[in-house]
Amino acid sequence: MKTNLSRIGVSLPESLLDRFDEIINKRGYSSRSEGIRDAIRNYITHYEWMGDVHGERVGIVTMVYNHHQRGLVNAIMDIQHEHTDVIESSLHVHIDHDNCLEVVMVQGEGSRVKGLVEQTMALRGVKHVRLITLSLTEGI
Ligand code: NI
């Protein structure tokens with residue numbers, strides 16, 4: 001696929017650029033431009049999630065929760081059983097005596113994915129929920 005490239009000039013505080021350069025060096029980017037392209041893609045992905053999640057989506061939900069919290073495991077299972085239209089697969093890891101990590105692979109209508117995440121986040125005993133999605137209708 002042919003990609004048209006545009007050149008842009010950006011003014012940045014020196015300290016911000018130093019920190020950025022340090023990170024892209026550590027991560028092994030071949031150039032500053034490649035790092036900036038990646039950062040912009042991440043920003044767009046993040047913004048699209050923070051805005052309105054709708055349309056066909058593919059993504060992952062990660063969650064950490066305390067399985068000793070009364071009723072929590074059942075509540076999480078109930079929510080997931082109500083969202084079988086968007087859940088493709090899941091992986092459960094028992095991190096330690098108290099905590100479970102679950103990774104849920106999702107694909108389907110974004111508002112349904114958002115519902116799954118918001119309902120899970122609202123449960124007492126859930127310590128961490130993150131969602132990463134890509135839009136299939138607006139291009140990956
Ligand atoms: Ni567990």
Side-chain angles (χ1 to χ4, degrees):
M1 191 179 81
K2 187 173 181 288
T3 306
N4 293 320
L5 294 177
S6 298
R7 278 188 173 276
I8 56 168
V10 182
S11 302
L12 296 172
E14 205 169 301
S15 60
L16 184 64
L17 189 58
D18 286 347
R19 285 168 62 198
F20 185 75
D21 283 343
E22 196 180 317
I23 291 168
I24 62 176
N25 285 335
K26 275 186 191 161
R27 297 190 64 188
Y29 283 99
S30 55
S31 68
R32 187 184 270 164
S33 288
E34 189 52 46
I36 290 170
R37 281 193 286 271
D38 209 24
I40 291 175
R41 284 188 206 104
N42 282 333
Y43 179 83
I44 291 169
T45 301
H46 181 71
Y47 180 82
E48 284 179 349
W49 149 237
M50 291 304 289
D52 198 13
V53 179
H54 60 85
E56 183 71 8
R57 296 275 168 159
V58 61
I60 56 172
V61 183
T62 60
M63 57 185 85
V64 174
Y65 58 87
N66 183 340
H67 76 101
H68 292 305
Q69 180 74 42
R70 185 181 293 273
L72 180 58
V73 173
N74 277 340
I76 288 172
M77 285 305 112
D78 285 347
I79 291 168
Q80 292 187 7
H81 278 269
E82 285 163 18
H83 291 85
T84 53
D85 54 314
V86 290
I87 295 176
E88 295 285 345
S89 179
S90 67
L91 178 70
H92 186 107
V93 180
H94 311 301
I95 304 172
D96 56 29
H97 182 69
D98 300 321
N99 296 297
C100 300
L101 165 67
E102 210 157 296
V103 180
V104 180
M105 272 63 80
V106 293
Q107 181 165 7
E109 172 51 40
S111 59
R112 294 281 297 150
V113 172
K114 196 173 177 183
L116 165 70
V117 170
E118 287 175 344
Q119 286 177 34
T120 305
M121 275 177 168
L123 297 173
R124 189 182 176 139
V126 175
K127 296 174 178 178
H128 158 103
V129 181
R130 289 283 152 75
L131 169 66
I132 298 171
T133 70
L134 295 167
S135 170
L136 296 182
T137 49
E138 289 157 34
I140 293 175

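This structure is a prediction, so every number in the text was calculated from the model and none was measured. Counting from 1, the numbers follow the sequence of the chain as shown. Atoms within a ligand are numbered from 1 in the order they appear, just like the ligands themselves.
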Hphob cluster co-occupancy, Val126 + Met77, side-chain heavy atoms under 4.5 angstrom: yes
Side-chain heavy atoms of His83 within contact of Val86, under 4.5 Å: yes
Does the side chain of Tyr65 come within less than 4.5 Å of Leu123's, by heavy atoms? no
Presence of salt bridge, Arg37 and Glu34, under 4.0 angstrom: yes
Parallel, tilted or perpendicular, judged at 30° and 60°: which one describes the rings of His68 and His97? tilted
For a quick test of reading the model, state the closest non-hydrogen atom pair linking His67 to Cys100 and the distance between them. CB-SG, 3.6 Å
Near the Ni ion (ligand 1), protein N/O/S count under 2.8 Å comes to 3
